[in-house]
Amino acid sequence: MEVTIKNSYTVKPINPTKTGRLSLSEWDQIGTITHVPTIYFYKPSSIWLTQPHSIINTLKDSLSRALVLFYPLAGRLNWIGNGRLELDCNNNGVTMIDAESHSKIEDLGDLSPSPTYQYLVPVVDYSLPINELPLLLAQLTKFKCGGISLSLTISHAVVDGQSALHFISEWARIARGETLGKLPFLDRNILRAGDPPVGKPLLDHKEFDLPPLLLGESNNLDERRKKTTVDMLKVTKEQVEKLKMKANEGKDLDKERGYTRYETLTGHVWRSACKARGHKPEQPTALGVCVDSRSRMQPPLPDGYFGNASLDVIAVSKSGVLISKPLSFASSKIREAIEKVTNEYVISGIDFLKNQKDLTKFQDLHALGGDDGPFYGNPNLGVVSWLRLPIHGLDFGWGKEIYMGPGTHDFDGDSLLLPSHQGDGSLILAICLQVIHMDAFRMHFYEDI
């Protein structure tokens, strides 16, 4: 696909905002600190063919207004030593790209992630110093048929998925000429450790250990460099219910809480990946689970908390045990990991991180050229749930999208569970695995349902 960049704009808050250094919380400092892309496609419209400048002008104007309220996104990150970051609220702005393609949306097939997306998603130049990188980049691409795509990539060091969607939805609301729905809560001190922090973690935090390696390997460098591919696998409502019945077999659901969609589907994904990768029975394997702590804190975090409030915890087992035992075993390990995330657990984790001299080993710096930090590729896996996030229905004034999904998504072991756009109760698993494992994974995934 040939895409031509017509213009690139720096969009700044339309009115003066607060400036200065903003301390980031410990949760902002770890995990993936690069940008996370998403993409929306909209059906063809004759208006965009006859008034090509109206859409980019609408997006730029509404974005400049949204940034007045969400002004941290217009700033820049700075390394301050020992693997720690600080946010400089300097109103340097975000990047908006105006592009066009001679292709038609129908040329993209079912719109599932593909190598074509690299032309539709803004490119972040990680060769630049981090204090020169915009925290938000957006690209509007107009297709020959009159359809458009809008892709965004947002720094994960500044927001998690919940906060990113909060911003995007308010931006769209402003573009439609409506009043703001929910103000962002920008004070991150509420999720920062005390000074001094507790001397040692109060609870056991296995998520801060490096995930298991393949047996016989001393590092994961070879696994990181193997070629990957992405697939979007649909799970119908009937298949979801069938898996839940299998996971809850033997439970008295009148007295016991049954396993959820997430616990069931994720357990099934974990077992299928172990089979597809051909692990030895004694191979340790970890599953990363992203848990939103907002409602788990005491008191709960303020509505609209803008930052990273999601904690990655892990379930650990051995491949042979996962495969030989019923699905309920994998689901139970996942539930155990999720239920650990209490107010006390979050606070002890924050204190633990505050005590660390250097946070680099807790950060995935692969996109920045590093090979250290946690890696959830073979023999491990990460499954992030978007099942409860308001990911669909983004309307900037020209109607809701016809498709929404992850943008470029090319790290082995990364996977997402998201609701189908049809709203029929079916789910989509977006998963990235090594090319040599994907066919086997797809086979096991469907055959075992």
Side-chain angles (χ1 to χ4, degrees), residues 22-33 36 72 82-87 155-166 184-211 257 260 262-263 266 286-316 332-364 373-374 376 382-389:
L22 178 67
S23 296
L24 298 177
S25 76
E26 276 68 29
W27 291 153
D28 296 318
Q29 307 271 0
I30 63 171
T32 302
I33 64 169
V36 178
N82 299 324
R84 285 174 164 81
L85 290 161
E86 190 174 56
L87 180 55
S155 172
H156 208 326
V158 181
V159 293
D160 58 12
Q162 181 97 331
S163 291
L165 284 167
H166 178 196
F185 183 87
L186 301 176
D187 184 1
R188 303 188 185 210
N189 286 322
I190 199 168
L191 265 186
R192 299 193 68 212
D195 195 11
V198 176
K200 60 181 180 179
L202 304 175
L203 300 168
D204 185 23
H205 286 268
K206 288 186 171 61
E207 67 270 15
F208 296 140
D209 299 332
L210 288 178
R257 183 163 60 94
T260 65
Y262 177 80
E263 293 163 344
T266 302
L287 176 85
V289 181
C290 184
V291 182
D292 187 355
S293 68
R294 286 171 172 81
S295 63
R296 294 170 179 262
M297 302 296 291
Q298 296 297 328
L301 295 184
D303 195 25
Y305 177 83
F306 193 68
N308 281 283
S310 297
L311 172 64
D312 290 331
V313 293
I314 61 168
V316 180
S332 70
K333 300 292 286 185
I334 294 163
R335 174 169 289 184
E336 287 173 12
I338 294 172
E339 290 185 338
K340 285 194 306 185
V341 184
T342 62
N343 181 69
E344 292 74 23
Y345 193 84
V346 174
I347 291 173
S348 71
I350 292 171
D351 281 322
F352 172 77
L353 292 171
K354 181 70 176 288
N355 271 300
Q356 300 304 303
K357 183 177 180 180
D358 194 309
L359 292 181
T360 304
K361 67 178 181 179
F362 305 108
Q363 298 165 342
D364 182 357
Y376 279 91
V383 183
V384 176
S385 173
W386 285 4
L387 296 178
R388 295 185 179 181
L389 295 179

Aromatic ring pairing Y345/H205, orientation class (parallel under 30°, perpendicular over 60°, tilted between): tilted
Rounded to the nearest 0.5 Å, how far apart are [atom1] of [X] and [atom2] of [Y]?
X	Y	atom1	atom2	answer
K340	R335	NZ	CZ	15.5 Å
L311	I338	CG	CD1	11.5 Å
D209	K361	CG	NZ	8.5 Å
I190	F185	CD1	CZ	5.0 Å
T32	D160	OG1	CG	12.0 Å
F352	D204	CZ	CG	9.5 Å

What is the minimum heavy-atom distance between [X] and [Y], and which atoms define it?
X	Y	value
V316	I314	CG2-CD1, 3.6 Å
F208	F362	O-CE2, 3.3 Å
R84	Q356	NH2-O, 2.7 Å
V313	E207	CA-CB, 3.9 Å
R296	D292	CD-O, 3.6 Å
L191	E26	O-OE1, 3.9 Å

Donor-acceptor check, side chain of [X] to backbone of [Y], threshold 3.5 angstrom: yes or no?
X	Y	result
D28	S25	yes
S163	Y305	yes
Y376	V383	no
Q29	L359	no
N343	Q298	yes
S310	C290	no

Flag side-chain contact, heavy atom, 4.5 Å: [X] against [Y]:
X	Y	value
V289	L287	yes
P300	R294	no
Y262	I334	yes
I350	R192	no
P72	L186	yes

Those residues that, when tested against E86, pass side-chain hydrogen bond (donor to acceptor under 3.5 Å, both in side chains) (two or more places apart): R21
Pairing residues for T260 by the side-chain hydrogen bond (donor to acceptor under 3.5 Å, both in side chains) criterion, not counting sequence neighbours: E263
Verdict with supporting geometry, R188 and W27, side chain to side chain contact (heavy atoms under 4.5 Å, CB included): CA-CA 10 Å; R188 303 188 185 210; W27 291 153; over 6 Å; no
